[in-house]
Participant: 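Quick one: the structure is below, questions incoming.
Because only heavy atoms are used, hydrogens play no part in the values below, and waters and symmetry mates are left out as well, while side chains stay in. Start at 1 and go down the list; that is how both ligands and their atoms are numbered.
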Amino acid sequence: MTIEWRPQDGQFHLSNGRISLVLRVYEDGSLGQIHLGAPLPKGRTYRHLGPDPFDGFSNRVGDPVPFAYPTPGTGDFRVPALVAAGPDGATALALRYREHRIMAGKPSLDPLPATYCDVDDEAQTLVVTLVDDPTGLEVDLRTTIFAERPLVALSATIRAGSVPMDLRTAMSVSVDLPDADWTMIGLAGAWAREAHVVERVLAPGRQSVSSTRGISGAQHNPFLALRRPSADDARGEVFGFSLVYSGNSLAEAEVEPFGTTRVRLGIEPDTFGWHLGQGESFTTPEAIVVHSTDGLGGLSDALHDLFRDRLARGAWRDRPRPVLLNNWEGTYYDFDADRLVAMALSARDLGVELFVLDDGWFGHRDDDTTSLGDWVVDRRKLPDGLGDVASRITGLGMGFGMWIEPEMVSSDSDLFRAHPDWAIGIPDRPRTESRHQLVLDMGRPEVVDHLATVLNDVLGSAPISYVKWDMNRYVTEPFGPTLRPDRQGEFFHRYILGVYELYRRLTTRFPAILFESCASGGGRFDPGMLAFAPQAWTSDDTDAIERLRSQWGTSLAYPLSSMAAHVSAVPNHQTGRITPLATRAAVAFFGVLGYELDPTMIGAADRTEIAEQVAFYVRHREVLQRGRFVRLESPFSGERDHVSWMALSPDRATAIIGVYQILNRPAPEARRLRLRGLEPTAVYRVSGWPVSDDSMIAANTGPRTGAELMAAGLVLDRERHYAATLGDFWARVFVLERVESDQA
Ligand code: DGJ
């Protein structure tokens with residue numbers, strides 16, 4: 001990994017053999033971005049890739065000159081990275097190179113979450129300072145390149161000079177690509193159907209996904225990918241853009257009239273503004289840009305490794321995550337201490353390692369109309385307190401975890417009665433109701449201080465090893481009564497900084513607790529959250545078939561270790577669908593497994609099956625949580641009734657393959673499933689789960705070479721009439737274990 005500076009060419013070349021970024025200081029001092037993508041040889045000039053000597057736009061206004069951090073008012077009409085108005089209201093900025101620094105490692109973006117290095121020689125960072133002479137506005141463009149990773153991490157710090165400036169747009173990254181032959185991919189959805197893969201062919205003009213709801217949201221993940229039309233999961237050129245941020249975001253691609261593409265990613269500009277007094281600065285969230293020549297799979301590998309190992313942090317980063325039982329779908333609000341302990345005991349006997357007490361343990365909360373904000377145990381349900389129920393459960397040899405929703409307040413709560421002004425809203429205007437709850441103004445330090453104090457008490461009051469931090473409504477009337485009128489645009493960003501501050505205090509005070517983030521399911525499944533909570537609740541939808549889609553889509557950007565996946569009762573509470581217990585487990589295995597049902601209510605046969613599921617998962621947990629995830633057959637394209645994927649250990653010695661059929665078919669077509677990523681010369685012993693005498697599993701059981709499994713594949717169509725025995729929604733799991741020889 002190197003960052004070369006060639007003063008004679010005004011050229012920076014960041015490279016590591018997997019990706020290259022070439023920047024050039026043009027003749028007028030502006031900073032160009034003349035290559036981003038596949039690695040280029042070091043020690044060479046690439047000036048010729050940029051425009052002929054470029055001294056501004058005179059007589060060629062609107063040319064697609066590639067810029068590193070474009071601004072308006074220069075002759076570039078494409079979407080800008082930075083818009084800032086000076087005291088006269090003018091927004092033209094002419095950013096010119098002033099100086100640069102190259103440093104080992106990666107500076108922190110505190111208070112923003114960001115990727116990091118364990119040791120400085122893992123990465124190098126280039127900081128280029130640009131200045132707009134008339135206003136004195138400075139921009140530090142920060143780009144980090146890591147050894148071995150096909151990606152760069154970027155952010156910008158914008159500093160006012162001697163005159164105040166109003167930021168209107170401050171993107172984290174802008175990338176200029178020399179053509180537009182791309183298909184754009186986003187992760188779109190809604191509550192209970194998060195992260196569905198949506199594709200569109202780029203067309204002239206702007207195409208974007210965004211959030212204006214105060215959090216990243218279930219509607220559009222802060223993620224965008226571009227793939228060549230011929231690229232797929234296994235092969236081809238792909239770019240990925242991911243924002244380490246949990247607030248409003250925008251990801252946008254613009255194709256201009258000459259057929260080049262600009263991609264920008266950052267805080268959503270329509271709901272953003274930031275006032276910079278003299279000398280004050282603003283730092284953007286971090287953006288990650290990945291370039292892969294190994295298709296979407298290569299993009300996912302790069303993001304998974306980075307997010308799992310150098311974004312997540314703390315005691316739980318590298319530790320196996322416990323199999324849990326969450327009481328939510330089992331009891332909702334209807335429980336008492338004895339019922340919880342009985343559920344925990346019943347789950348413990350199935351091999352479950354952690355019991356999680358969800359919503360309803362505080363205030364007088366028997367439904368969702370009351371008590372948020374009153375983080376005091378409900379003695380009607382838990383007469384001897386949280387410490388008592390937690391100790392009874394930890395006494396069974398399990399961990400104890402609990403649910404909180406710190407950012408919320410019910411209008412029927414002591415907190416709201418004491419501090420009605422802490423709830424977000426605009427004086428003398430109605431508030432929009434959602435789930436009977438209001439959002440606390442996390443941008444106010446006194447709110448964060450209060451929550452830190454109260455939650456310190458709660459988390460310190462019992463042996464708690466896990467916390468699920470929920471967030472169940474969007475922000476509808478953004479207004480900060482403590483902000484000046486010209487600073488109201490800062491509201492949303494200040495909100496999320498307050499959330500990060502509270503997370504920071506609680507994770508620092510309770511370093512042994514495993515945090516899981518949640519926002520009505522996957523509504524805030526984003527890289528910003530992963531910096532504090534290494535796992536997230538992927539979706540409230542626990543239906544196995546729906547989960548195929550949400551887990552597939554989520555896996556484009558996020559590692560298995562971050563995806564909480566639960567088995568629940570049937571008929572499913574979100575879809576009413578009845579799926580086999582084995583299928584529910586076969587889907588939930590690929591992530592962090594949990595159960596969300598009342599184990600005291602299930603029959604002996606299901607209990608035996610669940611105990612076997614937990615044992616299977618624990619045996620293969622390392623691969624299923626930390627293995628490489630390889631997507632094989634998509635629920636979003638082609639034959640949509642067939643879905644399959646696999647997890648592979650880093651040494652390629654073990655692989656677990658999940659094969660799923662949505663609707664069953666008579667007289668099934670021929671079906672072979674070619675695997676990927678195996679060691680071609682290795683011999684693998686193939687076995688199946690759950691039914692060892694099943695003919696589909698039996699047909700594949702035995703020693704097979706990696707070469708055969710990748711070239712010919714597993715055989716999934718045995719006898720034509722066998723299909724009638726399968727029914728809808730079946731799943732099979734295959735286990736591959738490397739052995740020394742065919743005889744082993
Ligand atoms: C939404 C979450 O996604 C659910 O899992 C559950 O915790 C409820 N909130 C509780 O109110």
Participant: Using a strict 4.0 Å cut-off to heavy atoms of Gly521, name the atoms of ligand 1 that fall inside it.
Facilitator: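 Those of ligand 1 that fall under 4.0 Å from Gly521 are 3 (O).
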Participant: Can you see whether Gln551 engages Thr554 through a side-chain donor-acceptor pair at a distance of less than 3.5 angstrom?
Facilitator: no
Participant: Any side-chain heavy atom of Arg308 within less than 4.5 Å of one from Arg626?
Facilitator: yes
Participant: Pick one: which of Asp728, Asn572, Asp543 meets side-chain hydrogen bond (donor to acceptor under 3.5 Å, both in side chains) with Arg577?
Facilitator: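 When Asp728, Asn572, Asp543 are each tested with Arg577, the side-chain hydrogen bond (donor to acceptor under 3.5 Å, both in side chains) holds only for Asp543.
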Participant: How far apart are the C-alpha atoms of Arg417 and Asp414, what are their side-chain angles, what is the distance that settles it, and do they pass the salt bridge (charged side-chain N to carboxylate O under 4.0 Å, His left out) test?
Facilitator: CA-CA 5 Å; Arg417 284 183 279 276; Asp414 292 342; 2.9 Å; yes
Participant: Heavy-atom distances under 4.0 Å decide this one: backbone, side chain, both or neither, for Glu405 against ligand 1?
Facilitator: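 It is neither part, as no heavy atom is under 4.0 Å.
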Participant: If the cut-off is 4.0 Å to any non-hydrogen atom of Trp403, which atoms of ligand 1 fall inside it?
Facilitator: 7 (O), 10 (C), 11 (O)
Participant: Should you measure from each heavy atom of Trp537, which atoms of ligand 1 turn up under 4.0 Å away?
Facilitator: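 Answer, ordered by atom number: 3 (O), 5 (O).
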Participant: Within less than 4.0 angstrom of ligand 1, does Gln437 place any heavy atom?
Facilitator: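 No, Gln437 has no heavy atom closer than 4.0 Å to ligand 1.
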Participant: For Trp422 and His419, take the angle between the two ring planes, folded into 0 to 90°, and tell me which bin it lands in: parallel under 30, tilted 30 to 60, perpendicular over 60.
Facilitator: parallel
Participant: Could Arg365 and Asp378 be called an ion pair, given the rule that one side-chain N must be under 4.0 Å from one carboxylate O?
Facilitator: no
Participant: Using a 4.0 Å cutoff against the non-hydrogen atoms of Asn472, which atoms of ligand 1 qualify?
Facilitator: 1 (C), 9 (N)
Participant: Fit a plane to each ring of Trp537 and His566, take the angle between them on a 0 to 90° scale, and name the class: parallel (under 30°), tilted (30 to 60°) or perpendicular (over 60°).
Facilitator: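 Correct class here is tilted.
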Participant: Which residue owns the protein heavy atom closest to atom 6 (C) of ligand 1, what's the atom, and how far is it?
Facilitator: Asp358 OD1, 3.4 Å
Participant: How does Met408 reach ligand 1, if at all, at less than 4.0 Å between non-hydrogen atoms: by side chain, backbone, both, or neither?
Facilitator: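 Near ligand 1, Met408 shows nothing, with every heavy atom at 4.0 Å or more.
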Participant: Can you report which non-hydrogen protein atom sits closest to atom 4 (C) of ligand 1, along with the distance?
Facilitator: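 Going atom by atom, the protein heavy atom closest to atom 4 (C) of ligand 1 ends up being Asp540 OD1, 3.4 Å.
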Participant: Near Arg435, which atoms of ligand 1 are under 4.0 Å from a heavy atom of that residue?
Facilitator: 10 (C), 11 (O)
Participant: Which atoms from ligand 1 have a heavy atom of Lys468 less than 4.0 Å away?
Facilitator: 4 (C), 5 (O), 6 (C), 7 (O)
Participant: Does ligand 1 have a heavy atom under 4.0 Å from the side chain of Asp368, from its backbone, from both, or from neither?
Facilitator: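 Neither; no heavy atom under 4.0 Å.
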Participant: From atom 1 (C) of ligand 1, work out which of Thr538, Thr542, Asp470 has a heavy atom at the shortest distance.
Facilitator: Asp470
Participant: Got a salt bridge between Asp441 and Arg494, using NZ or NE/NH1/NH2 to carboxylate O under 4.0 Å?
Facilitator: no
Participant: Nearest protein heavy atom to atom 11 (O) of ligand 1, by residue and atom, and its distance?
Facilitator: Asp359 OD2, 2.7 Å
Participant: Return the orientation label for the Trp375 and Trp403 ring planes: parallel under 30°, perpendicular over 60°, tilted otherwise.
Facilitator: tilted
Participant: Just so I know, are the side chains of Trp316 and Pro322 near enough to count as touching, which here means a heavy-atom distance under 4.5 Å?
Facilitator: yes
Participant: Looking only at heavy atoms, is any part of Ser520 under 4.0 Å from ligand 1, and if so is it the side chain, the backbone, or both, or is it neither?
Facilitator: backbone
Participant: I'd like to check whether Cys518 has a polar contact with ligand 1, where a contact means an N/O of the residue lying under 3.5 Å from an N/O of the ligand.
Facilitator: no
